[in-house]
Q: 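Handing you a structure now.
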Amino acid sequence: MFLIDYHTHSELSPDADFPLAEMAAAGAAAGLREMCITDHYDRIQGHGGLAGDYDWGPALAQYQAVQKGLPDGFTLRLGIEYGSAPFDPDYARSMLALPELDFVIGSLHNRSPQLGGEDFYYGGYEDEAECYAALDDYFTSMERLVELPECYDVLGHIIYPLRYMPEGIRLDRYHERIDAILRRVVEVGRGIELNTYCGRTIEPWRWVLERYRAHGGELMTLGSDAHFPQRVGLGLEAGARLLLETGFRYVTTYEKHRPTMHPIEDGR
């Protein structure tokens with residue numbers, strides 16, 4: 001299989017502690033063909049309010065330093081997971097204009113500013129009403145995000161808030177809205193990721209993948225969302241099998257935002 005991990009985090013993410021050199025070494029050891037470092041920048045802070053400006057200097061420095069020691073047959077790309085673009089699109093456009101940048105995951109981790117801007121991670125989710133109110137807000141923001149194709153190459157972890165909610169919470173009532181979001185992603189020439197959440201989330205993606213494929217979607221990345229070296233690559237083989245089961249034959253890599261499609265089953 002042609003395995004890629006296009007969602008990983010180094011110590012430059014506020015919730016990770018390991019240098020890029022260790023993350024990249026773990027990717028190579030896991031047999032990945034390509035990996036992209038996608039450290040966090042969320043325009044909305046964890047508990048609300050605008051974050052400070054982003055400094056690309058450290059990201060470029062560590063990326064360039066690690067490039068020199070990569071093993072043959074393993075490629076490392078420079079990406080970012082950009083959160084909350086709909087709430088300050090002008091800043092997103094200016095920040096993402098970095099010429100060295102290969103890839104952008106467009107994510108939403110936070111409630112809208114109108115609802116306080118707090119990360120969904122901090123929700124109590126003690127009853128269904130609270131869960132569905134959060135999901136209503138989340139998909140409203142996503143409907144805005146997909147209209148900003150200059151701010152993402154792939155749409156990040158579409159089912160993200162479910163990570164923190166009781167197992168009984170389902171997305172059935174949002175199928176029509178998600179379907180429209182996926183259709184729009186295809187129309188504007190962008191893609192989506194299958195985020196395995198380090199191997200913990202595979203099967204819940206099936207309906208999303210089927211609907212994206214039904215709309216003609218082809219641009220797919222796989223990502224573990226690893227924040228530790230030992231989690232790089234977790235769930236990718238299972239994710240690749242699910243892609244095959246849902247009609248996909250290729251995974252996509254990016255160089256300077258230009259997609260290249262690779263057969264999942266490549267004989268290796």
Side-chain angles (χ1 to χ4, degrees), residues 1-10 13 15-18 20 22-40 73-77 79-81 83 103 105-109 120-121 153-167 169-171 178 182 191-213 217-254 261-266 268:
M1 285 184 169
F2 192 101
L3 292 180
I4 64 171
D5 197 338
Y6 257 59
H7 195 137
T8 63
H9 298 279
S10 79
S13 290
D15 53 356
D17 299 307
F18 293 87
L20 178 57
E22 292 186 31
M23 298 297 288
L32 301 180
R33 305 285 280 277
E34 190 157 321
M35 174 176 157
C36 189
I37 187 68
T38 55
D39 280 313
H40 285 294
F74 177 74
T75 300
L76 179 68
R77 299 294 184 193
I80 193 163
E81 182 179 12
F103 177 69
I105 301 172
S107 291
L108 295 161
H109 299 109
F120 292 102
Y121 171 81
D153 292 304
V154 302
L155 200 61
H157 45 44
I158 293 170
I159 60 176
Y160 172 70
L162 292 184
R163 295 181 181 183
Y164 312 118
M165 295 180 178
E167 288 187 7
I169 301 301
R170 298 174 58 84
L171 295 180
I178 297 171
L182 296 171
I192 69 171
E193 69 163 0
L194 192 168
N195 185 309
T196 74
Y197 191 27
C198 297
R200 287 171 280 187
T201 304
I202 307 293
E203 187 60 28
W205 281 96
R206 184 177 295 273
W207 180 86
V208 174
L209 296 174
E210 289 173 344
R211 295 311 304 154
Y212 176 61
R213 190 73 192 96
E218 291 188 312
L219 300 177
M220 285 293 319
T221 61
L222 283 166
S224 66
D225 215 338
H227 289 64
F228 304 89
Q230 61 268 34
R231 294 182 181 176
V232 174
L234 290 182
L236 297 184
E237 288 194 23
R241 287 194 295 271
L242 181 58
L243 288 178
L244 291 169
E245 290 172 13
T246 50
F248 294 89
R249 295 293 176 264
Y250 302 90
V251 289
T252 309
T253 60
Y254 288 80
M261 300 174 71
H262 307 267
I264 297 171
E265 296 181 303
D266 70 336
R268 174 173 149 178

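FYI, the numbering just counts along the sequence from 1. Predicted model only: the values in this text are computed from it and were never measured.
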Q: Between Thr196 and Gly235, what is the shortest heavy-atom contact and its length?
A: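 Taking every non-hydrogen atom into account, CG2-O, 3.4 Å.
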Q: Dump the intermediate steps for side chain to side chain contact (heavy atoms under 4.5 Å, CB included) on Thr221 and Asp153, then the final yes or no.
A: CA-CA 10 Å; Thr221 61; Asp153 292 304; over 6 Å; no
Q: With distance as the sole test, does Tyr121 use its side chain to make a donor-acceptor pair with the main-chain N or O of His109 at under 3.5 Å?
A: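 Between the backbone of His109 and the side chain of Tyr121 there is no qualifying donor-acceptor contact (under 3.5 Å).
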Q: Roughly how far, to the nearest 0.5 Å, is the CD1 atom of Ile37 from the OG1 atom of Thr8?
A: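 Reported to 0.5 Å precision, the distance equals 3.5 Å.
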Q: Yes or no on side chain to side chain contact (heavy atoms under 4.5 Å, CB included) for Leu182 and Ile158, after CA distance, side-chain angles and deciding distance?
A: CA-CA 10 Å; Leu182 296 171; Ile158 293 170; 3.8 Å; yes
Q: In terms of ring plane angle, is the pair Tyr160 and His157 parallel, tilted or perpendicular, where the classes change at 30° and 60°?
A: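 It falls in the parallel class, under 30°.
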Q: So does Arg200 have more than 12 non-hydrogen atoms from other groups sitting under 6.0 Å from CZ?
A: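 Yes, CZ of Arg200 has more than 12 neighbouring heavy atoms, counting only those of other groups under 6.0 Å.
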Q: Within the distance-only criterion (no hydrogens, no angle test), does the side chain of Asp5 pair as donor or acceptor with the backbone N or O of Ser224 below 3.5 angstrom?
A: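 Confirmed, Asp5 side chain pairs with Ser224 backbone.
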Q: Please check if atom CD in Glu22 has more than 12 non-hydrogen atoms from other residues, nucleotides or ligands closer than 6.0 Å.
A: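 More than 12 heavy atoms, drawn from other residues, nucleotides or ligands, come within 6.0 Å of this atom.
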Q: For the CG atom of Leu3 and the CZ atom of Arg33, what is their distance to the nearest 0.5 Å?
A: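 Leu3 atom CG to Arg33 atom CZ measures 8.5 Å (nearest 0.5 Å).
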Q: Please name the pair of heavy atoms, one in Glu81 and one in Ser107, separated by the smallest distance, quoted to 0.1 Å.
A: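 Closest pair (atom of Glu81, atom of Ser107, distance): OE2-OG, 2.7 Å.
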Q: What's the shortest heavy-atom distance between Gly27 and Phe74, and which atoms?
A: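 Here Gly27 and Phe74 meet closest at C-CE1, 3.8 Å.
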Q: Check Phe103, Tyr254, Tyr6 against Arg77 for a side-chain contact (heavy atoms from CB on, under 4.5 Å) and give me the one that passes.
A: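 For Arg77, the side-chain contact (heavy atoms from CB on, under 4.5 Å) check succeeds only for Tyr6.
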Q: Would you name the heavy atoms of Asp39 and Ile80 that are closest together and state the gap between them?
A: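 Scanning both residues completely, I find the closest heavy atoms to be O-CG1, 3.1 Å.
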Q: Can you tell me how far the OG1 atom of Thr38 sits from the NE2 atom of His9, to the nearest 0.5 Å?
A: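 Those atoms lie 4.5 Å apart.
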Q: Taking it one step at a time, do Met220 and Leu209 satisfy side chain to side chain contact (heavy atoms under 4.5 Å, CB included)?
A: CA-CA 9 Å; Met220 285 293 319; Leu209 296 174; 3.7 Å; yes
Q: Looking only at atom types and distance, does a side-chain atom of Arg213 sit under 3.5 Å from a main-chain N or O of Gly247, one as donor and one as acceptor?
A: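 Here the side-chain-to-backbone pair exists.
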Q: Between His262 and Glu34, is any side-chain donor less than 3.5 angstrom from a side-chain acceptor?
A: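 There is no such pair between these side chains.
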Q: Between Ser10 and Met23, what is the shortest heavy-atom contact and its length?
A: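 Scanning both residues, the minimum pair turns out to be CA-CG, 4.4 Å.
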Q: Nearest 0.5 Å please: distance from the CG atom of Leu162 over to the CG atom of Leu171.
A: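 Reported to 0.5 Å precision, the distance equals 4.5 Å.
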Q: Report yes if some heavy atom in the side chain of Thr75 is under 4.5 Å from a heavy atom in the side chain of Thr253; otherwise report no.
A: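 They are not in side-chain contact.
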Q: Within this structure, what is the OH-CD distance for the pair Tyr212 and Glu218, rounded to the nearest 0.5 Å?
A: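 So the OH of Tyr212 and the CD of Glu218 are separated by 8.0 Å.
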Q: Could you give me the CA-CA distance, side-chain angles and deciding distance for Trp205 and Asn195, then say whether side chain to side chain contact (heavy atoms under 4.5 Å, CB included) is met?
A: CA-CA 9 Å; Trp205 281 96; Asn195 185 309; 4.0 Å; yes
Q: Considering non-hydrogen atoms only, spot the tightest contact between Cys36 and Gly79 and give its length.
A: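 For Cys36 and Gly79, the tightest heavy-atom pair comes out as SG-N, 3.5 Å.
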Q: About how many Å separate OG1 of Thr246 and CZ of Arg211, when rounded to the nearest 0.5 Å?
A: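 Nearest 0.5 Å value for the CZ-OG1 distance: 12.5 Å.
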Q: Spell out, as yes or no, whether a donor-acceptor pair under 3.5 Å connects the side chain of Thr252 to the backbone of Met261.
A: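 Such a contact is absent between Thr252 side chain and Met261 backbone.
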Q: Is the backbone N or O of His7 less than 3.5 Å from a side-chain atom of Asp225, with the two atoms forming a donor-acceptor pair by type?
A: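 Looks like no, no N/O pair under 3.5 Å.
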Q: Classify the side-chain pair His227/Asp17 by whether it contains a donor and acceptor separated by less than 3.5 Å.
A: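 Absent: no donor and acceptor within the cut-off.
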Q: Can Arg206 and Glu203 be said to form a salt bridge (charged side-chain N to carboxylate O under 4.0 Å, His left out), step by step?
A: CA-CA 6 Å; Arg206 184 177 295 273; Glu203 187 60 28; 2.6 Å; yes
Q: For atom OH of Tyr250, is the number of surrounding heavy atoms from other residues, nucleotides or ligands below 6.0 Å larger than 12?
A: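 No, OH of Tyr250 has 12 or fewer neighbouring heavy atoms, counting only those of other groups under 6.0 Å.
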